[in-house]
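Written out below as structure tokens is the structure these notes cover.
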Amino acid sequence: MSAAKLKLELSDGKQVEVEHGISPHDLAQRVNGELADRAIAAKLDGEIVDLDRPLERSGRIEFLFEDDEDQDSLYVLRHSTAHVLATAVRSIWPDAGIGFGPPIADGFYYDFDVDSPFTPEDLEKIEERMKEVVAADEPFERREVERQEARELFSDDPYKLERLEEIPEGETISIYRDGAFVDLCRGPHLPSTGAVKHFKILHSAGAYWRGDERRAMLQRIYGTAFFEKKDLEEHLRRLEEARKRDHRIIGKQLDLFSIQDDVGPGLIQWHPKGAMIQFLLRRFLEDELLKRGYDFVYSPHIAREALFRRSGHLQAYSEVMFPAMESEGEKDNYRLKPMNCPFHMSIYASGQRSYRDLPVRYAEIASDYRNEKSGTLHGMLRVRGLTMDDAHIFCRPDQVEDEIYGMLDLVANIYGTFGLEYRLDFATRPAKRIGSDQVWDEAEDALRAAIERRGLTYAVDPGGGAFYGPKIDVKFVDAIGREWQGATIQLDFVLPERFDLNFVGSDNQKHRPVMIHRAIYGSFERFIGVLIEHFAGAFPLWLAPVQVRLIPVTDDFIDAAREVAVALREAGVRVELDDRSETVSYRIRDGELQKIPYLGVIGQREADAGTVAVRKRGAEKKQVVLPLAEFIEQVTAENRTRALG
RNA sequence: GCUGACGUAGCUCAAUUGGCAGAGCAGCUGAUUUGUAAUCAGCAGGUUGCGGGUUCGAGUCCCGCCGUCAGCUCCA
């Protein structure tokens with residue numbers, strides 16, 4: 001070991017010279033005692049290290065504290081809490097095998113190999129035992145070991161051994177001990193188990209070792225941890241809130257859709273109110289597409305297998321295609337379509353195309369069917385029958401950038417209307433691909449140029465593109481923080497080849513067009529599912545299935561209310577009359593629970609004055625009395641501008 | 001698909017050790033005519049997901065199927 005001094009730069013810019021092997025804790029002690037008391041871990045040139053880890057190189061050192069803004073401190077806490085969990089489980093089930101136990105976005109998990117799955121009672125017992133582990137305040141001891149020693153230490157833990165053998169020669173192998181529990185672990189950890197404060201075990205479920213369904217199923221326990229009690233409570237409250245926003249629950253309460261046993265899993269039945277939302281989204285998009293030079297096409301739900309063989313779907317996509325329908329006496333079987341591209345290719349190929357015709361933009365709102373694995377189905381967000389807002393653009397290579405630009409503009413327009421946050425993933429050429437490097441260069445440059453011309457930021461997913469072309473994925477986030485794929489823009493070098501598409505150029509020669517697949521909503525099912533959660537069912541006026549509900553105070557004013565309803569309806573407003581023989585309070589409550597944007601009460605005063613007593617959803621002022629004409633103007637203006645509320 | 005939990009009226013949920021399937025809301029009928037988040041009464045509503053089995057007796061126990069939910073990527 002070298003006795004040379006280390007030069008460390010502190011976060012305030014001060015340089016200190018210290019002896020080789022000093023621990024961050026001792027360093028903090030030297031700087032000031034208060035710092036040493038508060039620090040929970042340190043960072044050397046951005047790498048998180050334990051407080052007692054000997055420092056062996058110069059660099060920039062920072063300390064992590066409980067109240068740091070970023071996630072690094074929480075990461076350490078949750079990683080340590082996962083070890084506390086494993087410590088507790090091992091003390092109850094000494095023979096439990098251990099898998100991985102990392103911190104994750106909102107907490108941590110640990111995988112165990114046990115004879116029978118954990119019951120809810122087991123989880124309670126584990127949580128109690130964890131509290132004892134915390135109370136024991138055992139230090140987390142880090143130790144570097146030789147490979148052979150690690151092999152012996154984990155000789156009973158096949159999963160750890162497997163991981164151990166993957167660590168390259170020459171890399172440090174570290175183990176962490178707290179009390180009786182020893183784990184192969186890169187760390188870092190809190191100083192001791194006592195530093196784990198507020199945690200909760202959430203649930204357990206089976207998880208394949210390394211996510212591979214051919215391998216053993218372990219039992220994964222999920223939990224979360226925070227430094228402050230209030231943060232834990234806030235997190236649990238958010239989970240509860242997310243549960244209430246669940247589109248499956250709201251969809252039932254507001255009678256938007258259902259999934260019926262007798263129809264089949266993953267197949268959405270759109271009830272009138274849900275269908276109205278789909279209709280409105282569809283009309284909004286279709287109007288935009290007409291302005292942007294798209295042509296509408298319609299294609300059948302089924303086609304001969306030969307079509308999908310030519311497109312390559314039968315070879316590459318067959319596991320999600322429903323089985324063939326036999327057709328007696330026909331030369332070929334039929335298949336339900338999982339995508340629309342083959343049909344649009346076929347339409348394009350049906351006639352001669354001139355370079356003057358390009359770009360050709362075929363748009364279709366189409367029903368596709370995919371036999372997704374049963375366990376992956378999830379309400380409207382993952383279904384077997386989906387309604388895509390699909391389009392295929394055929395253009396010259398020099399038109400690609402402008403086309404992409406136009407699509408990103410459409411995405412911004414549509415998503416902005418809903419106030420949805422989204423981000424872009426730009427997936428570039430994979431190792432295994434078709435097409436020359438020159439083609440890929442041009443394509444990627446065009447995509448990048450279009451994104452940058454719009455001033456958007458994006459993440460690059462190197463090698464994430466399909467073998468047939470690069471793509472831009474638009475990801476948006478639902479109420480529980482899950483990220484879903486929304487819009488997708490995808491270049492395709494394969495299908496124009498397979499369908500031998502061409503156009504006649506100004507040189508009177510045949511040329512291959514570039515093809516772009518794109519969807520804006522993605523699917524109406526998923527998009528509306530996310531919108532339900534995004535708005536918690538309280539849709540902006542222009543999307544609300546019922547925009548105004550009128551409540552006559554007594555039966556004497558039903559006629560007056562009916563006249564108001566007619567006037568509203570003639571102005572294009574979706575209006576409903578609640579003339580049930582219930583109290584005003586009852587009907588107001590019902591209207592509020594149904595999240596109707598405007599409730600209008602009509603009694604003697606309003607009938608006499610030609611006004612409506614308007615109650616706007618979510619408004620500060622509970623009630624405003626407006627002349628009918630003014631009310632109509634307010635509602636229609638809000639509708640026209642697609643105001644968010 | 002796999003592992004586990006679950007499946008009772010339209011909805012949300014009850015129903016001791018196996019012992020007469022219930023409540024609230026919604027619905028229907030009647031009364032009430034109501035002024036901004038639940039008026040009162042009555043009625044009706046079920047092959048307890050489906051099919052087998054054990055038992056004198058099954059919502060409850062056993063087997064099979066269907067479905068729902070959670071998880072199965074986040075690399076010691």
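In what follows, chains are A, B, ... by sequence order, proteins preceding strands, each numbered from 1.
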With sugar-phosphate meaning primed atoms plus P, OP1 and OP2, does [X] contact a base, only sugar-phosphate, or nothing at under 4.0 Å between heavy atoms?
| X | answer |
| --- | --- |
| Y159(A) | nothing |
| F154(A) | nothing |
| R215(A) | nothing |
| K373(A) | base |
| E606(A) | base |
| F100(A) | sugar-phosphate |
| S174(A) | base |
| Q219(A) | sugar-phosphate |

Would you kindly check whether a donor in the side chain of [X] faces an acceptor in the base of [N], or vice versa, at under 3.5 angstrom?
| X | N | result |
| --- | --- | --- |
| S581(A) | rU34(B) | yes |
| R220(A) | rA70(B) | no |
| E372(A) | rG1(B) | no |

task = Tell me, yes or no, whether the heavy-atom count around E146(A) atom CD, taken from other residues, nucleotides or ligands under 6.0 Å, exceeds 12.
result =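 Atom CD in E146(A) is not crowded, with 12 or fewer foreign heavy atoms closer than 6.0 Å.
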Find the distance [X]:[atom1] to [N]:[atom2] and express it as a whole number of Å.
| X | N | atom1 | atom2 | value |
| --- | --- | --- | --- | --- |
| D579(A) | rG35(B) | CG | P | 17 Å |
| Q253(A) | rC11(B) | CD | C1' | 9 Å |
| F557(A) | rG35(B) | CZ | P | 11 Å |

key: P spacing across the pair rG4(B) / rG45(B), given as an integer number of angstrom   =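 The answer is 40 Å between these two P atoms.
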Pairwise P distance for rG64(B) and rG19(B), with rounding to whole Å =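 That atom pair is separated by 25 Å.
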Suppose we call two aromatic rings close when their centres sit under 6.0 Å apart. Are [X] and [Y] close by that rule?
| X | Y | value |
| --- | --- | --- |
| Y109(A) | Y222(A) | yes |
| Y110(A) | F112(A) | yes |
| F631(A) | Y598(A) | yes |

inquiry  = Both K160(A) and G375(A) contact RNA chain B. Which one's nearest nucleotide lies toward the 5' end?
reply    =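 Looking at RNA chain B, the more 5' nearest nucleotide goes with G375(A).
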ask   = Considering the options R143(A), R142(A), E144(A), which one meets the side-chain contact (heavy atoms from CB on, under 4.5 Å) requirement together with I175(A)?
value =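 One option only clears the test, and that one is R143(A).
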message = By nearest atom, which of the nucleotides rU36(B), rG1(B), rA26(B) is closest to the Y586(A) side chain?
response =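 From the listed options, rA26(B) comes nearest.
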